[in-house]
J.: 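Let me give you the structure first, and then I'll get to my questions.
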Amino acid sequence: MGRRTKARECAFQLLYQWEITGEPMETVLDGFWRMRSGTPQMKAMAERLAVGAQARVAELDAAIAEAATHWRLDRIASVDRTVLRLGAFELYAEPLTPAAVVLDEAVELAKRFGEEDSPSFVNGVLDAIRRRARPPA
């Protein structure tokens, strides 16, 4: 598994833990890195993604709710919602990362941590967000 893929997985786990526990992100980060190791670059990327997504959660949730037609945000499984937040954040805030990479990595997280239908759901919602976040030039 590549460093960037590992960083995204850690960012997903940090965001998920933040949502489930309700702890401040600073507390989540401290506890997470006591149990997990990684290169300084991997940790930096994971923290940048997790903290960035957490800071913009209201904006990301609005984009997800708009893109996930016929789904209320609170009815989306926590794992899927977390993957979507992370992917949406990357689409909006990490313009140097190709959109195809963002979607592929999010689908892989959904396969690993979500339910059977999670990958296709995540792909569809993020593709709709991608069209708004990164319109063709």
Side-chain angles (χ1 to χ4, degrees):
M1 183 181 298
R3 176 179 55 85
R4 293 177 64 82
T5 298
K6 190 60 130 177
R8 284 184 184 91
E9 180 180 301
C10 289
F12 161 78
Q13 291 171 332
L14 287 162
L15 269 177
Y16 184 77
Q17 187 174 341
W18 167 77
E19 178 172 345
I20 297 302
T21 65
E23 296 278 336
M25 184 56 85
E26 191 73 27
T27 303
V28 171
L29 289 167
D30 290 342
F32 186 82
W33 295 123
R34 269 190 259 128
M35 305 294 282
R36 191 84 183 242
S37 62
T39 66
Q41 299 93 335
M42 186 274 290
K43 287 182 178 181
M45 180 179 174
E47 288 188 21
R48 183 181 75 245
L49 294 175
V51 170
Q54 185 261 333
R56 294 173 62 177
V57 73
E59 172 191 346
L60 299 173
D61 284 355
I64 292 164
E66 186 177 333
T69 54
H70 309 297
W71 281 90
R72 287 193 339 255
L73 192 65
D74 64 337
R75 299 282 297 149
I76 297 173
S78 295
V79 166
D80 295 349
R81 191 169 48 245
T82 302
V83 172
L84 290 168
R85 285 172 174 164
L86 185 60
F89 175 75
E90 271 199 273
L91 287 170
Y92 283 112
E94 301 278 327
L96 297 180
T97 304
V101 171
V102 173
L103 269 66
D104 185 57
E105 293 278 349
V107 167
E108 289 303 315
L109 284 171
K111 284 179 185 175
R112 180 149 186 214
F113 296 103
E115 300 293 326
E116 184 179 335
D117 294 338
S118 295
S120 60
F121 178 71
V122 164
N123 187 62
V125 173
L126 285 180
D127 191 49
I129 292 171
R130 176 198 55 80
R131 287 191 296 274
R132 285 193 297 278
R134 298 187 182 181

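Please read all numbers here as calculations on a predicted model, not as lab measurements.
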J.: If I compare all heavy atoms of M25 with all of L14, which pair ends up nearest, and what's the gap?
T.: CE-O, 4.3 Å
J.: Crowded around E115 CD? As in, over 12 foreign heavy atoms under 6.0 Å?
T.: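 Count not over threshold, so no.
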J.: Which heavy-atom pair separates P98 from R134 by the least distance, and what is that distance?
T.: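 Closest approach of P98 to R134: C-NH1, 3.5 Å.
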J.: Looking at D127 and R131, is any side-chain nitrogen of the basic one under 4.0 Å from a carboxylate oxygen of the acidic one?
T.: yes
J.: Between R130 and L91 (side chain of the first, backbone of the second, donor and acceptor by atom type, cut-off under 3.5 Å), is there such a pair?
T.: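 Pair absent, no side-chain N/O of R130 close to backbone of L91.
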J.: Do E23 and Q17 make a side-chain contact, defined as non-hydrogen atoms from C-beta onward lying under 4.5 Å apart?
T.: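 E23 vs Q17: side chains apart.
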J.: Inspect the contact between R132 and E66 and indicate whether a charged nitrogen and a carboxylate oxygen are less than 4.0 angstrom apart.
T.: yes
J.: Verify the cluster assignment for V83 and V107: are they in a single hydrophobic cluster under the rule of side-chain heavy atoms below 4.5 Å apart?
T.: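 Looking at the clustering, V107 is in a separate group from V83.
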J.: Write down the atom of I129, the atom of A67, and the distance for their closest heavy-atom approach.
T.: CG1-CB, 3.6 Å
J.: Closer than 4.0 angstrom, basic N to acidic O: yes or no for E105 and R4?
T.: no
J.: List the atom of G38, the atom of M42, and the distance in Å for their closest heavy-atom pair.
T.: CA-CE, 3.2 Å
J.: Looking only at side-chain N and O atoms, does S78 offer a donor or acceptor that is under 3.5 Å from a partner on R81?
T.: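 Distance-only check passes for R81 and S78.
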J.: So which atom in L86 and which in L109 form the shortest heavy-atom distance, rounded to 0.1 Å?
T.: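 L86 and L109 have their closest heavy atoms at CD2-CD1, 3.9 Å.
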J.: What residues, two or more places apart in sequence or in another chain, satisfy ring pair (Phe, Tyr, Trp, His ring centres under 6.0 Å) together with F32?
T.: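 Scan of F32 (ring pair (Phe, Tyr, Trp, His ring centres under 6.0 Å), adjacent residues dropped) gives none.
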